Amino acid sequence: MNPLFGLLFFERDPLSWQSLGGWNLIYWIQTVGGFATFSVLAWLLFGYPRTRREDIAAISTFQKRIFFTGTTLAIPMLVWQGLCVIESLLASITAGPQTQNAGGSTSLTLIGPLIFKGFDQRPLWMQIGLTLGGLGGILAVLSPIIANLFRFRFRRVEAVARLAFKEGVRQRVLYAFSALLLVALFAGWFITAKPSDQIRSYVSIAQSSMMYLLLFTAALLAGLSLPMDMKRQSLQTVVTKPVERFEILLGRIHGFVGLMTMVLLAMAAASLIYVVREINPEASRESLKSRVPVYGDLRFVNLAKISSGNEFKGENVGREWEYRGYLPGTRATRINPPMAVFAFNGLPASLGQKENMRAEFTFDIYRTTKGNENQGVAVRFTVIGQGFVNGNEELWRKDRKDRRDLAIAKGEEFSIETEQKLDNELAKKYGYYEIPSLPIYDYQTAGISMPGGILSPTDKSKADKSLPELMIQVSCLEPTQYIGMARYDLYLRLDEDNPGLNKLWFGLNYLKGTLGLWMQLMLVVTIAVVLSTYFSGVVAFLVTLMVVVMGWSRDFVGSIAVGQNVGGGPLESMLRLVRRDAMATQLEDTTANQVAYRSDELYRAGMRVVIDMLPDMERFDFSIYVAEGFDISWGLLGSTFVFLIAYLVPWVILGYYLLRWREVASAN
């Protein structure tokens, strides 16, 4: 069986603890602080004049000082937002065919190049000013929460949570939607799949069924609950007690998340039994895995000077999806052939203690000729450690040949274990190992074994610290073929391939993958509860679904916001459809087109604000790891959870103010 299995691709690098800091943290501060600063300005212009003087006098001096300090620090952010508004207006005035190609827009204003420069390319003085302004806006918005923090009690939150939990259980809609999952679990009866694709299909069915049903149910329960309590006037009993509005909000979120968590655990256990029970034994042996990969950095070297690629992207063979770079083939006798180099650093010490390390890979093949029928493309693998110096490759080949010939001459049995021991000794001595030729097939996962001794050079004093700890060089040996690869197409395996424990590790990994769905439930419940503090139940439910759907389509929404989508904005696209014009052609400079261009430019300015409010839903989907047999690390889960909390904190603060301003005594 040759499984089409073990293939992960990432358009963006997965989250890690390192990715949460640096520029990403600064971007979060500036983005959240920008919304907070705008809210403070809106309150100062429209809310403060309408506030009664006795209410202002009742505010503590401590809260006033925090608000004043934050507002003062937020002045640079206010100036920035004013410039952005001016830029958007001027860009809409100058928009037209002379500044806009098909599907894109360009500003002609003087401040545009500064505002639309890449986030990490802005001047240092601007970054410092905007970061301080963002912190000031956040501080001003948090001033009442900070002042009331000493009155916060978890016991009251738990009481409200228990009430929300009981209300959710009493609503029959939860049982109805949960029962629908049983129908989805038997969808495998009507889906035929090759054994190599069976796990992928079953995991996709189970995870997708749970996601759609539970997210829909969570949005419905959380969105309708608070408005129904207000309509029945049962919430007045709660607010008359010594309970803060913030505690009511957190209690509602906590209760519904707890309820949906219990439902999710039951469904996850049932779906896991379904997945493991239904697959055939052949697919179980090949696919029930939980690989623990270690990825390196990829670059392409020795490309021709007339090459269309570079060291980071490789050759471009004309395929529309540019995720992979392509390595051109060459003859084995060439001195400096083109190579793809995977460099690994920070490897665990346990790898060097193994007799054999295993690397797995899944490459794409681009053929310029048919090649040999039913045969793969020959590829050479070269493994280099820090103990390598120039010339060691020839010494390794000679020493290995001499030892093998000597053993054969003495009549010694040369077993696999003996050869592995020899390779380990030579790898420690020379820091080198190679596989001269190995046939690979298009998109089929294969692996190579390497001596672990290459990570433990015999003479560590001569180790070249400038080299990576391990390098795997890949060369294509057939001149008319290309090998396509990306950074995540080759990896080292830290785990042992133990057939007796593979099913257990797969089950644990499946449950870890369900944590991604739990994070999505937490996100949906929080947004629905926050929106229900202001909107009616049906509106809160629909807006929540809209936010989630747009979060799944965030890349497309982003392309519209920056004007990179084909066909332009809404009005331009409508004109093209009415006139039956091609999407890629430039429209004429007419009055109607000018109106469309300028209206779309204002629309894009609004979408650039909306895009920062949308959740990145793809970050919480771990089903591809489970389906392809890769372990979901605790570091990935932890960093993703922190990423989720960073997104939900502004929503909770918004809910605090909405519930605080809501007239609860009203029955409407």
Side-chain angles (χ1 to χ4, degrees), residues 35-36 38-39 42-43 46-47 141 160-161 163-165 167-168 170-174 176-177 180 211-236 238-239 245-246 248-257 259-260 520-554 556-557 560 570 603 606-607 609-617 644 647-668:
F35 284 105
F38 177 80
S39 302
W43 182 81
F46 306 106
V141 168
V160 177
L163 177 62
F165 186 93
E167 289 179 358
R170 283 196 293 264
Q171 297 188 31
R172 301 293 185 263
V173 64
L174 181 64
F177 280 102
L180 291 177
M211 182 183 71
Y212 294 130
L213 293 175
L214 291 181
L215 293 186
F216 190 88
T217 306
L220 193 62
L221 283 176
L224 294 177
S225 177
L226 197 58
M228 290 296 294
D229 284 351
M230 292 180 181
K231 187 174 182 179
R232 293 192 298 260
Q233 297 186 358
S234 60
L235 190 62
Q236 282 74 356
V238 177
V239 297
R245 302 291 177 95
F246 197 50
I248 296 175
L249 181 69
L250 292 181
R252 289 279 175 170
I253 296 174
H254 181 34
F256 287 124
V257 169
L259 175 61
M260 299 308 300
Q520 296 180 51
L521 285 173
M522 185 175 178
L523 184 146
V524 169
V525 167
T526 302
I527 295 176
V529 170
V530 169
L531 292 176
S532 67
T533 59
Y534 185 78
F535 297 108
S536 65
V538 175
V539 175
F541 166 69
L542 294 177
V543 174
T544 301
L545 291 185
M546 182 187 69
V547 171
V548 172
V549 171
M550 292 181 69
W552 280 110
S553 308
R554 199 169 185 271
F556 175 71
V557 177
I560 296 176
Y603 173 80
M607 293 302 295
V609 177
V610 171
I611 190 66
D612 288 324
M613 302 172 59
L614 299 178
D616 193 350
M617 297 298 294
L644 171 67
Y647 175 77
L648 292 182
V649 164
W651 278 98
V652 175
I653 296 174
L654 174 63
Y656 165 77
Y657 281 101
L658 292 178
L659 190 59
R660 185 180 181 183
W661 295 334
R662 180 72 181 265
E663 183 59 51
V664 179
S666 174
N668 296 321

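Counting begins at 1 with the first residue of the sequence. All of these numbers come straight from a predicted model, not from anything done at the bench.
Of the inter-residue distances, the one linking Arg660 atom CZ with Leu249 atom CG reads 13.5 Å to the nearest 0.5 angstrom. The OH atom of Tyr647 sits 6.0 Å away from atom CG of Leu523, with the distance rounded to the nearest 0.5 Å. Summarising the geometry, atom CD1 belonging to Ile248 is positioned 8.0 Å from atom CG belonging to Leu226; distances are rounded to the nearest 0.5 Å. Rounded to the nearest 0.5 angstrom, Leu654 CG and Ile527 CD1 are separated by 10.5 Å. A distance of 10.0 Å separates CG of Leu644 from CD of Gln520, quoted to the nearest 0.5 Å. Separating the CG atom in Leu521 from the CE atom in Met260 is a distance of 5.5 Å, to the nearest 0.5 Å.
Contact detail for Ser532 and Val529: the closest heavy-atom pair is OG-O, 2.7 Å. Leu658 and Val530 make their closest contact through CD1-O, 3.9 Å (heavy atoms, listed as atom of the first residue, atom of the second, distance). Across all non-hydrogen atoms, the minimal contact from Gly251 to Ala164 is O-CB, 4.4 Å. Heavy-atom minimum distance, Met211 versus Trp552: SD-CZ2, 3.7 Å. Nearest heavy atoms, Ala218 versus Val525: CB-CG2, 3.9 Å.
Taking Asp612 as the reference, nothing meets the salt bridge (Lys or Arg N to Asp or Glu O under 4.0 Å) condition, with sequence neighbours excluded. With sequence neighbours excluded, no residue forms a side chain to side chain donor-acceptor pair (under 3.5 Å) with Tyr603. With sequence neighbours left out, the side-chain contact (heavy atoms from CB on, under 4.5 Å) criterion links Leu545 to Phe216, Ala219, Phe541.
Looking at Phe35 and Met613, their side chains come closer than 4.5 Å, going by heavy atoms from C-beta outward.
Counting heavy-atom neighbours within 6.0 Å of Phe165 CZ, excluding the residue itself, gives a total above 12.
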How far apart are the C-alpha atoms of Thr533 and Tyr656, what are their side-chain angles, what is the distance that settles it, and do they pass the side chain to side chain contact (heavy atoms under 4.5 Å, CB included) test? CA-CA 9 Å; Thr533 59; Tyr656 165 77; over 6 Å; no
Please report the C-alpha distance between Glu167 and Leu163 in whole Å, then the side-chain angles of each, then the deciding distance to 0.1 Å, and finally whether the side chain to side chain contact (heavy atoms under 4.5 Å, CB included) criterion is met. CA-CA 6 Å; Glu167 289 179 358; Leu163 177 62; 3.8 Å; yes
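Without hydrogens or angle criteria, Thr544 side chain to Ala540 main chain gives a donor-acceptor distance under 3.5 Å. Although no hydrogens or angles enter the test, the distance criterion places a donor-acceptor pair under 3.5 Å between the side chain of Arg554 and the main chain of Ile611. Arg252 contributes no side-chain N or O that, together with a main-chain N or O of Ala161, makes up a donor-acceptor pair within less than 3.5 Å.
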